[in-house]
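Here is the structure we will look at.
Residue indices begin at 1 and follow the sequence shown. Just so it is clear, the values below take in all heavy atoms, side chains as well, and ignore hydrogens, waters and symmetry mates.
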Amino acid sequence: MGTNIELVVIITGASRGIGRRLALDCARYGMAVVVNYRSDEASAAAVVEEIQSVDGRACAVRADVSDEHEARRLVDACIDQFGRLDCVINNAGAAIIRTIDELDAATFQQTLNANLLSAFYVSQAAIPHLKREGGRLIFMSSGASRIGGRVSAAYAASKAGMEGLMRYYALYLREDRITANAIAPLLIETDMLAGMDLPPPSDLPLGRMGRPDEVWPAVRMIIETEYLTGQTIHLNAGRYMT
């Protein structure tokens with residue numbers, strides 16, 4: 001990835017939460033940003049407006065990336081708008097809270113579609129463009145891929161599958177100068193945590209949950225470092241490390 005040109009990033013699920021924060025951070029880094037959203041057009045437009053207010057370049061593209069054709073349309077829209085693609089951050093996903101007794105096959109499949117198949121569809125559509133000059137595939141995983149977590153068995157399985165997909169890409173795309181890495185945050189304070197049975201912040205090692213802006217340093221390291229691929233960066237305060 002060259003540093004003397006404007007780089008272009010697609011961020012799926014970028015209208016809120018971690019995705020929104022990363023869109024703003026990537027723009028401050030000097031990247032043109034494709035803000036993907038599925039349904040919240042107003043929030044996506046607000047992200048684009050905030051980026052443009054500081055002379056950044058961004059566009060919002062509606063696409064349900066759990067659908068293969070929609071994922072390809074998202075990548076095509078990026079190329080049409082900016083003429084290139086250098087990085088994909090697979091951030092879109094669903095966190096449907098279910099106990100083992102409540103989880104059914106339909107919810108399991110819905111979660112796989114939203115979290116794992118979406119990352120596959122977008123990455124597959126992006127890879128031919130990334131091969132032109134090298135690039136980055138970044139997968140937003142979760143600490144649940146290691147410890148199970150509090151969302152559901154489906155969520156944990158989907159994030160573990162995402163990391164397996166990432167490692168395959170890392171192995172077979174390295175000759176194309178495409179790196180693939182994952183970031184596995186845990187207890188980042190976003191609306192995804194609403195409804196979960198969580199410990200009080202005072203019981204956590206730092207007395208608080210993580211902030212969305214604390215994800216950016218890991219993303220920036222991946223963007224800037226070609227000599228890093230096939231890795232999962234665990235982002236937490238150290239309490240949950242098993």
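- The hydrophobic clustering, which links ILVMFWY residues whose side-chain heavy atoms are closer than 4.5 Å, places Ile97 and Phe108 apart.
- Both Met221 and Ile183 are members of a single hydrophobic cluster when ILVMFWY side chains are connected at heavy-atom separations under 4.5 Å.
- Among residue pairs with one or both ends in residues 40-51, those qualifying as salt bridge (Lys or Arg N to Asp or Glu O under 4.0 Å) are Arg20-Glu50; sequence neighbours excluded.
- Both Met166 and Ile178 sit in one connected hydrophobic cluster of ILVMFWY residues. Membership requires side-chain heavy atoms under 4.5 Å apart, directly or through other members.
- The CE atom of Met31 sits 11.0 Å away from atom CD1 of Ile51, with the distance rounded to the nearest 0.5 Å.
- Looking only at distances, a side-chain donor or acceptor of Gln231 sits under 3.5 Å from a matching main-chain atom of Thr229.
- Residue pairs satisfying the ring pair (Phe, Tyr, Trp, His ring centres under 6.0 Å) criterion with at least one member in residues 110-142, sequence neighbours excluded, are absent.
- Taking all atoms of both residues into account, the shortest heavy-atom contact from Phe82 to Cys59 is CE1-SG, 3.8 Å.
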Could you pull out every donor-acceptor pair under 3.5 Å between side chains of residues 206-214 and any protein atom, sequence neighbours left out?
unit_1, atom_1, unit_2, atom_2, d
Arg208, NH1, Glu214, OE1, 3.1
Arg208, NH2, Glu214, OE2, 2.8
Arg211, NE, Asp213, OD1, 3.0
Arg211, NH2, Asp213, OD2, 3.4
Glu214, OE1, Arg211, N, 2.8

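- Looking only at side-chain heavy atoms (C-beta outward), Val219 and Cys87 stay at 4.5 Å or farther from each other.
- Closest non-hydrogen pair, Ser15 versus Ser43, comes out as O-CB, 3.6 Å.
- Across Val61, Val9, Val48, Ile11, a single residue satisfies side chain to side chain contact (heavy atoms under 4.5 Å, CB included) together with Val35, and that is Val48.
- Taken together through direct or relayed side-chain contacts under 4.5 Å among Ile, Leu, Val, Met, Phe, Trp and Tyr, Leu116 and Val75 form part of one hydrophobic cluster.
- Inter-residue side-chain proximity for Ile96 and Gln110 is flagged as met; some heavy-atom pair is nearer than 4.5 Å.
- Separation of atoms OG (Ser142) and CG (Leu187) is listed at 9.0 Å; rounding is to 0.5 Å.
- Separation of atoms CG (Leu74) and CD1 (Ile10) is listed at 4.5 Å; rounding is to 0.5 Å.
- No donor-acceptor distance shorter than 3.5 angstrom exists from the side chain of Thr107 to the backbone of Leu103, with no hydrogens or angles considered.
- In this structure, Asn181 contributes its side chain and Leu228 its backbone to a donor-acceptor pair below 3.5 Å.
- Among pairs with a residue in residues 93-111, none fulfils salt bridge (Lys or Arg N to Asp or Glu O under 4.0 Å), at least two apart in sequence or across chains.
- A distance-only check finds no donor-acceptor pair linking the side chain of Asp86 to the backbone of Gly135 [under 3.5 Å].
- The CG atom of Leu130 lies 5.0 Å from the CG atom of Leu85; values are rounded to the nearest 0.5 Å.
- One finds the OG atom of Ser118 at 11.0 Å from the CG atom of Asp67 (value rounded to the nearest 0.5 Å).
- By the side chain to side chain donor-acceptor pair (under 3.5 Å) test, Asn90 pairs with Ser123, sequence neighbours left out.
- Closest heavy-atom contact between Leu22 and Ile89: CD1-CG2, 4.2 Å.
- A donor-acceptor pair under 3.5 Å is formed between the side chain of Arg136 and the backbone N or O of Ile222.
- Within the structure, salt bridge (Lys or Arg N to Asp or Glu O under 4.0 Å) pairs that include any residue of residues 55-66 comprise Glu6-Arg57, Arg62-Glu70 (at least two apart or interchain).
- Gln109 meets the side chain to side chain donor-acceptor pair (under 3.5 Å) test with Asn113; sequence neighbours excluded.
- If you chain together hydrophobic residues whose side chains sit under 4.5 Å apart, Val151 and Leu117 never meet in one group.
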Enumerate donor-acceptor pairs with a distance under 3.5 Å from any side-chain N or O in residues 154-163 to protein atoms, sequence neighbours excluded.
unit_1, atom_1, unit_2, atom_2, d
Ser158, OG, Asn115, ND2, 3.0
Ser158, OG, Ala154, O, 3.3
Ser158, OG, Tyr155, O, 2.7
Lys159, NZ, Met140, O, 2.9
Glu163, OE1, Arg146, NH1, 3.0
Glu163, OE1, Arg146, NH2, 3.0
Glu163, OE1, Thr232, OG1, 2.9
Glu163, OE2, Ser141, OG, 2.6
Glu163, OE2, Ser145, OG, 2.7

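- For the residue pair Arg167 and Gly230, the shortest heavy atom distance occurs at NE-O, 3.9 Å.
- Scanning all heavy atoms of the two residues, the minimum distance from Ala14 to Val47 falls at O-CG2, 3.8 Å.
- Open room surrounds CZ on Arg16; 12 or fewer heavy atoms of other groups in view lie less than 6.0 Å from it.
- For Arg220, the side chain to side chain contact (heavy atoms under 4.5 Å, CB included) partners are Tyr29, Trp216, Glu224, not counting sequence neighbours.
- Side-chain contact between Leu137 and Leu173: present, with at least one pair of heavy atoms (C-beta onward) separated by less than 4.5 Å.
- Identified under the ring pair (Phe, Tyr, Trp, His ring centres under 6.0 Å) test for residues 161-185, with sequence neighbours left out: Tyr168-Tyr172.
- The two atoms that bring Val65 and Ala92 nearest to each other are CG2-CB, 3.9 Å, heavy atoms only.
- To the nearest 0.5 angstrom, Leu186 atom CG is 9.0 Å from Arg150 atom CZ.
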